[in-house]
2 protein chains.
Amino acid sequence: MSSPPRRKFRRETASQRKDDLIAATLQVISESGVRAATVRTIAERAEVTQGLIRHYFSSKEDLIAAAYEHHMTQMTDAVATAKDVTAGTARDRLAGFVMASLSPPVVNPGWVALWSGFLNEALHDADLNKIHQRTYHHFRDQLEALIAEALRETDQPAPPERLRQLAIASNGVIDGLWLEGGALPQEFATGELAKIGLDSVAALTGLDLHRKAIDT
Amino acid sequence: MSSPPRRKFRRETASQRKDDLIAATLQVISESGVRAATVRTIAERAEVTQGLIRHYFSSKEDLIAAAYEHHMTQMTDAVATAKDVTAGTARDRLAGFVMASLSPPVVNPGWVALWSGFLNEALHDADLNKIHQRTYHHFRDQLEALIAEALRETDQPAPPERLRQLAIASNGVIDGLWLEGGALPQEFATGELAKIGLDSVAALTGLDLHRKAIDT
DNA sequence: AAAATAATTATACGCTTGAATAATTACTGG
DNA sequence: CCAGTAATTATTCAAGCGTATAATTATTTT
């Protein structure tokens, strides 16, 4: 006759709970794909009951968008704040930017799963599309600024149109290699993608980006 | 009292029906994403009732895999059989390969939606992962063969290890640009991506890939 | 033209989904 | 330490999900 006891819980701050729910969402999608991201699965992962999601987010779609935003910020920051990206000559920082983009933890199957799942949604969802557009530009603009600075530094300043093309091309090769490294991890030796990426951006821009002694 | 009349139908060959169901699956995913690809939605698009799907495919997952295989074959063939890829010097064919990869109909939001949706599934599904792995290699091997031939043709033969790196890098830049063109169509002018891609592969390989007069 | 066959439709089943609402309980300010 | 409040749990709901099976009908065979 006795119903099971109501589960104990702690009251958390709104921002803490939101962060937890976002983190749980990202874990579920990265491990099992977008189709697995149901409110019940996410709530279970966050160790709360499903009703709480709607208490903090107006809909599941709203939570997904917040998770997308969070993930892209996290990924961008992981590159922008990596070692060698924040100090040194412009060429050093550009090299560090490319290396960081093509090394763990940025190259990671889970992050590719997140990226592909969100992109698939963004292609038919206006809100998510805006997030995609914004984060794409943010990353590419950072890359373009570094390339511009490195070219100026070596007395090879380039006009805006050429800078744009170099940034698009460099961003393309970084994105492509990142994707392949995350989607087929066993395909590439340790450091191989980073080396290929660095050589590629060097060939595209004409810059000498010999990498520093990271290996050994 | 009279129940609605049973709907008329035509008996089709097995291969025709399978193709129709696969085509319907691809349409639904490309327009509305993987989450929209339910048996009912797919059957409606194919103008049959949902039971027929299980008559031709052992499960929905099986249909998805068949659609994945079909789409990747379609995309690969669209590049491999494009004008300028099947005749001319090796450099001409390599240039045609890059141009075709970065022009319509290959660059297309719907195809990016398909690709991202399937990849998202492939990252946690062994069967789909095999398809991804196989089609990735198929595309990259074609590219590597063209690069090898073009380098031989210009008396600059390259050792296997370098060929591998050039193919990975070229494939990377093509993939990255293709993705960005499909995901943000309004971002790039007509022919811009193809031009950047061609210049990039030229810079990476050191080959002269001046494109022929396609424009004007 | 009738009988056999299999392609297709129709219906039903149990489960999951996102969302809404009601019931509790942990915390806060007096 | 007690009353108020809102964070959290529990429950409910209608709709949609993939799958299974039974009924029907278009086509082929004889």
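In the text below, chain A, chain B and the rest are named by the order of the sequence lines, each starting its count at 1. Keep in mind that what you see is a predicted model, and the values were worked out from it rather than measured.
Neither OP1 nor OP2 of dT8(C) sits under 4.0 Å from any side-chain N or O of H55(B). Put simply, Y56(B) has no side-chain N or O that comes within less than 4.0 Å of OP1 or OP2 on dA7(C). At least one side-chain nitrogen or oxygen of T38(B) sits closer than 4.0 Å to the OP1 or OP2 atom of dC17(D). R7(A) has a side-chain polar atom (N or O) that falls below the 4.0 Å cut-off from OP1 or OP2 of dT9(D).
At a cut-off of 3.5 Å, with distance as the only test, a side-chain donor of T38(B) or T41(B) sits close to an acceptor on the other residue. Between the side chains of E161(B) and Q165(B), at least one donor-acceptor pair of N or O atoms lies under 3.5 Å.
To the nearest angstrom, C1' of dT25(C) lies 9 Å from NZ of K8(A). If you measure from atom CD1 of I53(B) to atom C1' of dT9(C), you get 13 Å, rounded to the nearest angstrom. Regarding E61(B), its CD atom lies at a distance of 15 Å from the C1' atom of dC17(D), rounded to whole Å. Straight-line distance from the CG atom of L52(B) to the C1' atom of dA10(C): 13 Å, rounded to whole Å. Per the geometry, CD belonging to Q16(B) stands 21 Å off P belonging to dA6(C), to the nearest Å. When rounded to the nearest whole Å, the span between CZ of R17(B) and P of dT9(C) equals 6 Å. One can place CD of E12(A) at 9 Å from P of dC27(C), the figure rounded to the nearest angstrom. Across the protein-nucleic acid pair, E44(B) atom CD and dC17(D) atom C1' stand 15 Å apart, rounded to whole Å.
In terms of polar N and O atoms assigned as donor or acceptor, the side chain of R40(A) comes within less than 3.5 Å of the base of dG18(C) in a complementary pairing. For dA19(C), its base sits under 3.5 Å from the side chain of Q50(A) at one donor and acceptor pair at least. Between the side chain of R11(B) and the base of dT8(C), no donor-acceptor pair of N or O atoms lies under 3.5 Å.
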Q: Would you please test R140(B) and E187(A) for salt bridge (charged side-chain N to carboxylate O under 4.0 Å, His left out) and show each step?
A: CA-CA 12 Å; R140(B) 199 184 86 188; E187(A) 183 80 16; 3.7 Å; yes
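Considering CZ of F139(A) and CE of M75(A), their distance stands at 8.0 Å, rounded to 0.5 Å. Expressed to the nearest 0.5 Å, how far CD1 of I29(B) lies from CD of E121(B) amounts to 8.0 Å.
Position along DNA chain D of the nearest nucleotide to R35(B) versus T49(A) favours T49(A) as the more 5'-ward residue. When each of G51(A) and A36(A) is assigned the nucleotide of DNA chain C with its nearest heavy atom, A36(A) is the one assigned upstream, toward the 5' end.
For R54(A), counting side-chain heavy atoms from C-beta on, the closest listed nucleotide (dA10(D), dA20(C), dA20(D)) is dA20(C). In this structure, the nucleotide among dT25(C), dA23(D), dA26(D) sitting nearest to the side chain of R6(B) is dA23(D).
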